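Here's the structure, in structure tokens; my notes come after.
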Number of protein chains: 2
Amino acid sequence: MNNSMTEGSEPTLTDKFQRGNVLASSCPSRSILQDVTSRWGVLVLFALLQGTHRFSELRKAIAGVSEKMLSQTLHALEADGFVLRTAHPVIPPHVEYSLTDSGHEVANRVEELVNWIEVNINPILSARDKYSSLKSD
Amino acid sequence: MNNSMTEGSEPTLTDKFQRGNVLASSCPSRSILQDVTSRWGVLVLFALLQGTHRFSELRKAIAGVSEKMLSQTLHALEADGFVLRTAHPVIPPHVEYSLTDSGHEVANRVEELVNWIEVNINPILSARDKYSSLKSD
DNA sequence: AGTATGTACTTTCTTTTGGTAAGTATAAGC
DNA sequence: GCTTATACTTACCAAAAGAAAGTACATACT
């Protein structure tokens, strides 16, 4: 695994061997993980892999998001340094969102997960059907 | 990307080129994705990568999870065919949870995401600090 | 006989989060 | 001076999550 971040301070060896910490509730990774794996966070990262998008474009691209949730999700991802917000001072407002370098890193991993699920969706769904028919017997 | 599922019916070419569907709200991948990336789903999959666990072991391993949520999460992952539940008919009950083959596939991808975050936690957190100090100015 | 113990849940109730819809700001165009 | 466009925020209600107590049942202890 490669670790490339724009912000300096590379992870130390100690960091690398302090593994499995997410399972401890106090671990700050939990909070980051929740931003990234939140219902809309996943989809925003995935959508931004296609390139820069405006707010309204993201809203259209990600079917079902409310403006409130999209705004909230983008803020969280921006705070974590995964998303870059560029506001052009015009009226009506024009704001663009794109992935930072670290955002690209997480988004790539999210994409792998999403892709695997999309490719294997059929067997998974039939597993679901089989399960629910067993349970209803 | 390799696709190996225990259940037959490999994904067709059509499946593979029907990409970006998660962004459509009706796509069933959304539902699977939510099970996998749910707050506790991620941690359960991650924990089960270490091997088979009993219910009470998982509860202890995953700090902060309530029994209700653990039970709910395990059911969802079992229904999707990611987790295998083995109940030994004894009293007091003895139930073991493990990953299926497809569970391993998703869990591996979840692990990559989790590991990346854990390794890069420091720069991310300092990005957060910088962001919040900018916002409070 | 009655009580405690251990395990894997389920149920009830409260709190937090998410969704829906309407409101806000502001300049340009009709 | 009324509408339009864009990126939000706010207020309100529904849904989900969290906390804590309850359930089932055999075995062991008093």
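Here is how names work: the chains are called A, B, and so on, in the same order as the sequence lines, proteins then strands, and each is numbered from 1. What you see is a predicted model; the values in this text were computed from it and never measured.
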- [ ] For the pair B:E111 (side chain) and B:L49 (backbone), establish whether a donor and an acceptor sit closer than 3.5 Å, ignoring hydrogens and angles.
- [x] no
Task: Residue-level proximity of residues 59-66 of chain A to DNA chain D when a heavy atom falls under 4.0 Å - done: none
Open item on the list: I'd like to know if the side chain of A:R30 reaches the main chain of A:V22, judged simply by a donor and an acceptor atom lying under 3.5 Å from each other, with no hydrogens or angles considered.
Closed with: yes
TODO: Report whether A:I62 and A:L84 are members of the same hydrophobic cluster (ILVMFWY, side-chain heavy atoms less than 4.5 Å apart, transitive linking).
DONE: no
- [ ] Any side chain to side chain donor-acceptor pair (under 3.5 Å) involving residues 67-76 of chain B? Give me the pairs, sequence neighbours left out, ordered by first then second residue.
- [x] B:R59-B:E67
Open item on the list: So, does B:R85 get its side chain near the phosphate of C:dC9, meaning an N or O under 4.0 Å from OP1 or OP2?
Closed with: yes
Task: Those residues that, when tested against B:S31, pass side chain to side chain donor-acceptor pair (under 3.5 Å) (two or more places apart) - done: A:R128
Open item on the list: Could you tell me how far apart B:M69 (CE) and C:dT14 (C1') are, to the nearest whole angstrom?
Closed with: 14 Å
Task: Donor-acceptor contact present, side-chain B:H53 to main-chain B:G51, <3.5 Å - done: yes
- [ ] Scan nucleotides 22-30 of chain C nucleotide by nucleotide, 5' to 3', and note B when protein non-hydrogen atoms come under 4.0 Å of the base, S if they reach only the sugar-phosphate, - if neither.
- [x] ----BS---
Task: Whole angstrom value for the distance that separates P of C:dT5 from NE2 of B:H94 - done: 22 Å
TODO: To the nearest 0.5 angstrom, please state how far the CD1 atom of A:I117 sits from the CD1 atom of B:I32.
DONE: 7.0 Å
TODO: Specify the separation, in whole Å, of atom CD of B:E57 and atom P of C:dG6.
DONE: 16 Å
Open item on the list: Just N and O in the side chain of B:S56: are any of them under 4.0 Å from OP1 or OP2 of C:dG6?
Closed with: no
Open item on the list: Side chains of B:L48 and B:L58, heavy atoms from C-beta outward: is any pair under 4.5 Å?
Closed with: yes
Task: A:T52 side-chain N/O to A:E96 backbone N/O, donor-acceptor pair under 3.5 Å - done: no
TODO: Using a cut-off of strictly less than 4.0 Å, decide whether B:R54 has a side-chain nitrogen or oxygen near OP1 or OP2 of C:dA8.
DONE: yes
Task: Rounded interatomic separation in angstrom, taking CH2 from B:W40 and P from C:dT17 - done: 13 Å
Task: Nucleotide range of DNA chain D lying under 4.0 Å from chain A heavy atoms - done: D:dA5 to D:dA11
Task: Rounded interatomic separation in angstrom, taking CD from A:Q34 and P from C:dT16 - done: 15 Å
Open item on the list: Using a 3.5 Å distance criterion without hydrogens, assess whether the side chain of B:S102 forms a donor-acceptor pair with backbone atoms of B:G81.
Closed with: yes
Open item on the list: From NZ of B:K68 over to P of C:dT15, roughly how many Å is that when rounded to an integer?
Closed with: 14 Å
Open item on the list: Distance check, rounded to the nearest 0.5 Å: A:E105 atom CD versus B:I124 atom CD1?
Closed with: 10.0 Å
Task: Any side-chain heavy-atom pair of B:L70 and B:W40 under 4.5 Å - done: no
Task: Atom-to-atom span, CD of A:Q72 to P of C:dT17 - whole angstrom - done: 9 Å
- [ ] Give a yes or no answer on whether the side chain of A:E118 reaches the backbone of A:N115 with a donor-acceptor pair at less than 3.5 Å.
- [x] no
Open item on the list: At 10 degrees resolution, what angle do the end axes of the helix from C:dA1-D:dT30 to C:dC30-D:dG1 form when each is taken over five base pairs?
Closed with: 30°
